[in-house]
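Letters go in sequence order (proteins before strands), and every chain restarts at 1.
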Protein chains: 2
Amino acid sequence: MKRNSRLSLALHTLGHMAGDPDRMRTSADIAEHAGTNPVVVRRVLGRLRKAGLLDAEKGHSGGWRLARPPQDITLADVYLALDESLIATMAEEDAPNCSVEHALHRKVSSVMEDIERSLIERLAATTIAEVK
Amino acid sequence: MKRNSRLSLALHTLGHMAGDPDRMRTSADIAEHAGTNPVVVRRVLGRLRKAGLLDAEKGHSGGWRLARPPQDITLADVYLALDESLIATMAEEDAPNCSVEHALHRKVSSVMEDIERSLIERLAATTIAEVK
DNA sequence: CGTCAAGTAACAATTCCGGTTGCGAATATC
DNA sequence: GATATTCGCAACCGGAATTGTTACTTGACG
Ligand code: FES
Ligand code: FES
């Protein structure tokens, strides 16, 4: 349901980087490769940097590089770094007095949490070094 | 203004209806109960009608009613009737020549499909008669 | 025939997201 | 030190999607 190209961009870039981990790439290079804008690249990759997946350096010969060996970065790491559940969360409780609404919310939320856990488990089984 | 308030509205209404299945409710009643607009209600419930979950009748003493006993309507029925996956689908393939993108897409899509199946399975285990 | 309610189309308001521009901060090269 | 390069960040624009609203048509009931 989510219309989000951020995960695609992040995975694509990391998958590319995994093929030559020592090379430094600028946001302009990455943007051209991915068909988007350097600022968008920095927005997305910035979250991966804060999560410790990437390092960024400014100035001449600066750019982006993997912060860890590619076989130590799983798809779940990327998913969690972006902090945007692909699983829709239920709306918050509006009518706390009604048992129907309460039971529904609890039920659906519980299912969603299980599903999200399961998704992360599945994503954690693959590293970006395996997707080339 | 939450994205995806349709499922909430649908489940809330059906849960309410399950408590007194024979009573006929107008979209105006339902809208007031749910804090929204009658047209919105008809939009959402119309999908459930097309899926065979609800019956609607026009004119005097018309309105909405469950088409089946509440214990025969599962949360999965509602979810599928609305046809809006809570699970994000991967973007389309843009670079068919690149093995990295292709492998990524296949991997993530496969995980997502499994997760969606699992979600429907979980939702199918609960009927709207059980959430009161 | 008159009333009520669903069905539907059209439009406005809101939100979300990617794209874009601009500028400041940091760092390498000269 | 001056200059060029690159990230960081804030602000804004434009398109897409969703919800709310108005208005009208269709059909059923008394
Ligand atoms: S890694 Fe980008 S198109 Fe192949
Ligand atoms: S508030 Fe609607 S069924 Fe309780």
Side-chain angles (χ1 to χ4, degrees), chain A residues 1-13 17 23-67 81-86 88-92 94, chain B residues 1-10 12-13 17 23-67 82-86 88-92 94:
Chain A
M1 162 247 162
K2 207 68 182 283
R3 66 282 198 200
N4 216 347
S5 64
R6 282 183 288 208
L7 182 61
S8 294
L9 173 58
L11 288 178
H12 178 185
T13 303
M17 286 175 159
R23 175 171 154 211
M24 202 63 128
R25 287 152 224 261
T26 68
S27 57
D29 291 341
I30 297 167
E32 190 184 5
H33 180 83
T36 181
N37 190 287
V39 179
V40 174
V41 170
R42 290 200 286 269
R43 270 205 286 244
V44 174
L45 267 44
R47 312 193 75 153
L48 306 185
R49 177 176 52 78
K50 282 171 187 155
L53 272 48
L54 287 177
D55 285 332
E57 282 172 22
K58 295 182 179 179
H60 273 283
S61 73
W64 300 84
R65 194 165 30 193
L66 294 180
L82 293 180
D83 192 29
E84 51 181 34
S85 39
L86 296 181
T89 55
M90 276 305 270
E92 50 278 353
D94 273 352
Chain B
M1 319 313 187
K2 276 290 187 180
R3 172 149 53 265
N4 217 15
S5 65
R6 283 185 289 214
L7 183 61
S8 293
L9 173 57
H12 178 185
T13 304
M17 285 175 159
R23 177 173 152 208
M24 203 61 129
R25 287 153 225 260
T26 68
S27 57
D29 291 341
I30 298 166
E32 190 185 7
H33 181 82
T36 181
N37 190 287
V39 179
V40 175
V41 170
R42 290 201 286 270
R43 272 207 286 248
V44 173
L45 298 192
R47 298 193 165 209
L48 306 185
R49 178 177 52 78
K50 282 170 187 156
L53 271 48
L54 287 177
D55 285 332
E57 281 173 23
K58 295 182 177 179
H60 275 282
S61 73
W64 300 84
R65 193 164 34 192
L66 295 179
L82 293 181
D83 192 30
E84 51 179 37
S85 39
L86 269 53
T89 55
M90 275 307 268
E92 288 316 301
D94 274 351

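What separates CG of B/Asn37 from C1' of C/dA6 is a distance of 14 Å, to the nearest Å. Atom CG in A/Leu7 sits roughly 11 Å away from atom P in C/dG18 (whole-Å rounding). In this structure, A/Leu82 places its CG atom 11 Å from P of C/dG18, rounding to the nearest Å. The separation between B/Arg65 atom CZ and C/dA6 atom C1' is 14 Å, rounded to whole Å. Between the P atom of D/dC7 and the CH2 atom of A/Trp64 lies a distance of 7 Å, rounded to the nearest Å.
Using a 4.5 Å heavy-atom threshold, the side chains of B/Arg25 and B/Thr13 count as separate. A/Arg6 places none of its side-chain heavy atoms less than 4.5 Å from the side chain of A/Leu9. Inter-residue side-chain proximity for A/Leu66 and A/Leu54 is flagged as met; some heavy-atom pair is nearer than 4.5 Å. Using a 4.5 Å cut-off on side-chain heavy atoms (C-beta onward), B/Leu82 and B/Leu48 make contact.
Judged as a salt bridge (charged side-chain N to carboxylate O under 4.0 Å, His left out), and not counting sequence neighbours, the contacts of B/Glu57 are B/Arg65. Listed by chain and residue number, nothing satisfies the side-chain hydrogen bond (donor to acceptor under 3.5 Å, both in side chains) test with B/His60 (two or more places apart in sequence, or in another chain).
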With 3.5 Å as the limit, what N/O pairs link the protein to nucleotides 2-4 of chain C?
| from | atom 1 | to | atom 2 | distance (Å) |
| --- | --- | --- | --- | --- |
| C/dT3 | O2 | B/His60 | NE2 | 3.0 |

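Checked by atom type and distance alone, the side chain of B/Ser5 never pairs as donor or acceptor with a backbone atom of B/Ser8 at under 3.5 Å.
Rounding to the nearest 0.5 angstrom, the gap separating the CH2 atom in B/Trp64 from the CG atom in B/Leu45 is 5.0 Å.
Shortest non-hydrogen contact noted between B/Pro38 and B/Ala31 is N-CB, 3.4 Å. Annotation for A/Arg49 and A/Ala56: closest pair CD-CB, 3.7 Å, computed over non-hydrogen atoms.
Note on the helix from C/dC1-D/dG30 to C/dC30-D/dG1: terminal axis deviation equals 10°, with five pairs used at each end and the result rounded to 10°.
Phosphate contact (OP1/OP2 of D/dC7, side-chain N/O of A/Ser27, threshold under 4.0 Å): present. For C/dG18, one of the phosphate oxygens OP1 or OP2 lies less than 4.0 angstrom from a side-chain nitrogen or oxygen of A/Ser5.
Non-hydrogen atoms lying under 4.0 Å from DNA chain D are contributed by B/Val39, B/Val40, B/Arg43, all within residues 38-57 of chain B.
Sorted by first and then second residue, the ring pair (Phe, Tyr, Trp, His ring centres under 6.0 Å) pairs with a member in residues 30-50 of chain B read B/His12-B/His33, B/His16-B/His33; sequence neighbours excluded.
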